[in-house]
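Read the structure below first, then the notes.
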2 protein chains.
Amino acid sequence: MSLATNFQPLYKQVYDVLRSRLVQGHWKASEALPSEYALAEELGVSQGTVRKALNQMVAENMLERRQGKGTYVAEHTQESSLFRFFRFRESEGEDIIPDTKVLSSSKRAASIEEQEHLALQAGDMVVEIKRLRYLKSEPTIIENIIQPLTIFPDIDKESVIPNSLYGLYQEKYGITIVQVRDELHAVGLPDEYAEQLGLAAGTPVICVERASINIEGRVVEWSKAFCSTEKFVYFSNLK
Amino acid sequence: MSLATNFQPLYKQVYDVLRSRLVQGHWKASEALPSEYALAEELGVSQGTVRKALNQMVAENMLERRQGKGTYVAEHTQESSLFRFFRFRESEGEDIIPDTKVLSSSKRAASIEEQEHLALQAGDMVVEIKRLRYLKSEPTIIENIIQPLTIFPDIDKESVIPNSLYGLYQEKYGITIVQVRDELHAVGLPDEYAEQLGLAAGTPVICVERASINIEGRVVEWSKAFCSTEKFVYFSNLK
DNA sequence: CAGTGGTCTAGACCACCTT
DNA sequence: AGGTGGTCTAGACCACTGC
């Protein structure tokens with residue numbers, strides 16, 4: 001009998017099983033998975049095959065391996081996830097931890113544009129958070145973040161909004177961001193943000209539209225930010 | 001006897017040997033390497049160990065594998081390398097092949113700034129190419145490219161400058177670009193470029209400073225570009 | 001058909017961490 | 001000492017390519 005077009009390598013099937021367990025929350029953040037041998041026995045394959053599946057998941061930032069200890073769910077902490085996706089720094093410089101001040105937070109129906117970017121239905125509700133980020137005490141970035149209530153139920157009732165939202169997504173909703181897509185324009189700074197960034201209206205700034213994507217490949221957050229590049233640059237490293 | 005801090009996994013040693021052969025031009029662009037078994041026998045390791053080294057090189061874009069045929073030196077063609085590093089496209093759009101018009105080309109001593117970015121000595125010569133790139137027939141990007149003559153001897157004597165410089169680097173100089181680092185600012189368009197881009201001086205544009213890095217990790221080209229984002233965006237996909 | 005890369009296995013040993 | 005991931009090997013078989 002031919003497997004025809006349905007052929008999938010064993011390690012890919014193992015990958016799919018393990019990924020779906022991850023998505024369904026079988027293992028909590030920073031918890032160790034069973035050992036390679038335990039998984040191999042359970043799934044009826046060899047340890048090397050499990051290893052290949054795990055290595056691919058590590059490469060895709062879903063898992064972390066620690067020699068001598070075990071394989072862990074990738075953790076979104078200040079140092080890791082914030083730095084992995086935060087793109088502003090001094091020219092040729094080190095990573096910088098941004099400070100954050102929340103300006104407003106509100107719940108409303110998604111706009112047409114938001115429906116498109118987040119694959120929502122008309123009438124679906126979103127939470128909009130505006131915040132100001134400081135780099136080395138300089139107000140540098142105005143962020144406007146859209147979160148669908150269908151994906152993050154009751155997120156509008158969160159009392160504290162942490163500096164790293166991705167950590168919150170993972171801890172409270174079991175959603176791990178593994179990819180972001182940015183689109184950049186240069187624009188004149190809108191009047192409404194001039195005072196907050198301490199710049200004249202019309203000053204050239206970079207506008208970053210960001211789609212944040214979870215393990216399943218779904219866009220779960222959409223944001224738009226105006227960024228001063230007087231003292232800092234947007235950094236991109238392509239391989 | 002302890003190997004102490006000198007310990008290197010076998011596959012890493014194989015990787016180093018093969019990479020240095022690549023750098024030294026043992027194999028030409030688009031030429032097949034010996035088979036895994038042939039390399040394994042020659043180097044005195046198992047086929048699986050060679051395989052692991054080759055897979056890492058593939059992951060780092062030095063090689064390409066074609067099932068049933070062989071392992072090849074990665075090729076910098078229009079479709080591949082141009083698209084891999086070219087970051088401008090329409091919002092949510094497809095890749096676009098840019099057209100290019102060379103505005104000027106000249107040879108001179110490197111400026112202090114260029115010496116720093118390219119790790120050159122005072123007095124080292126560089127070639128400077130200015131060109132205008134069109135996306136869908138719209139003049140969109142003014143590029144200023146610096147090439148060290150120490151790295152690309154006699155490049156100033158090239159009669160034709162191709163659309164994809166990386167292809168030229170590989171073909172004529174055996175230099176393969178595997179990574180680029182971009183730093184982006186928003187600036188007002190300088191007067192001198194206003195006419196060429198068909199925009200008013202002072203219009204917000206993105207300034208991209210790019211370092212292009214070869215297999216050995218050396219910066220071999222440095223460029224600065226002013227990019228209109230009226231119709232196109234700078235796109236970045238982080239994983 | 002032969003030759004290549006791709007998958008899978010089983011077993012050995014090493015390096016690292018914890019107890 | 002025992003458990004984990006990391007490396008290495010040898011051999012088998014599959015899938016794709018080209019003669």
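Below, chains carry the letters A, B, ... as their sequence lines are ordered, and counting in each starts from 1.
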Pick out the pairs of N or O atoms, protein on one side and nucleotides 16-19 of chain D on the other, that lie under 3.5 Å.
| from | atom 1 | to | atom 2 | distance (Å) |
| --- | --- | --- | --- | --- |
| dC16(D) | O4' | Gln67(B) | OE1 | 3.3 |
| dG18(D) | OP1 | Lys69(B) | NZ | 3.2 |

Along DNA chain C (nearest heavy atom to each residue), the more 5'-positioned of Leu54(B) and Ser46(A) = Leu54(B)

Check the distance between dG3(C)'s P and Tyr37(B)'s OH and give it to me in whole angstrom.
-> 13 Å

Between Gln13(A) (CD) and dC8(C) (P), how many Å, whole number?
-> 8 Å

Ser35(A) side-chain proximity, nearest of dG5(D), dA10(D), dC8(C) = dG5(D)

Compute whether any side-chain donor of one residue and acceptor of the other, for Asp124(A) and Gln115(A), lie under 3.5 angstrom apart.
-> no

Starting at CG of Leu33(A) and ending at P of dT4(D), how long is that distance when rounded to a whole Å?
-> 12 Å

Along DNA chain C (nearest heavy atom to each residue), the more 5'-positioned of Arg66(B) and Pro9(A) = Arg66(B)

Rounded distance (Å) that lies between atom C1' of dA15(C) and atom OH of Tyr11(B) | 13 Å

Return yes if a side-chain donor-acceptor contact under 3.5 Å exists between Tyr169(B) and Glu221(B), otherwise no.
-> yes

Looking at the rings of Tyr234(B) and Phe88(B), which for Trp means the six-membered one, are their centres under 6.0 Å apart?
-> yes

Taking OP1 and OP2 of dG6(C), is either one under 4.0 Å from a side-chain nitrogen or oxygen of Arg51(B)?
-> yes

Give the rounded distance in Å between these two atoms: CD of Glu36(B) and C1' of dG6(C).
-> 8 Å

Quick one: is Arg65(B) getting a side-chain N or O under 4.0 Å of the dG6(C) phosphate, OP1 or OP2?
-> yes

Check whether the side chains of Glu183(B) and Ser91(A) place a donor and an acceptor atom closer than 3.5 Å, and report yes or no.
-> yes

Between dA15(C) (P) and Lys12(B) (NZ): distance, integer Å = 18 Å

Between the main-chain N or O of Ile177(A) and the side-chain N or O of His76(A), is there a donor-acceptor pair closer than 3.5 Å?
-> yes

Kindly say if Thr49(B) contacts the phosphate of dT7(D), meaning a side-chain N or O under 4.0 Å from OP1 or OP2.
-> no

Under 6.0 Å from the CD atom of Gln13(A), do we count more than 12 heavy atoms belonging to anything else shown?
-> yes

Whole-Å gap separating P (dT4(D)) and OH (Tyr72(A)) | 11 Å

For Thr71(B) and dT4(C), is the shortest distance between a side-chain N/O and OP1 or OP2 below 4.0 Å?
-> no

Heavy-atom neighbours of Gln47(A) CD exceed 12 at 6.0 Å = yes

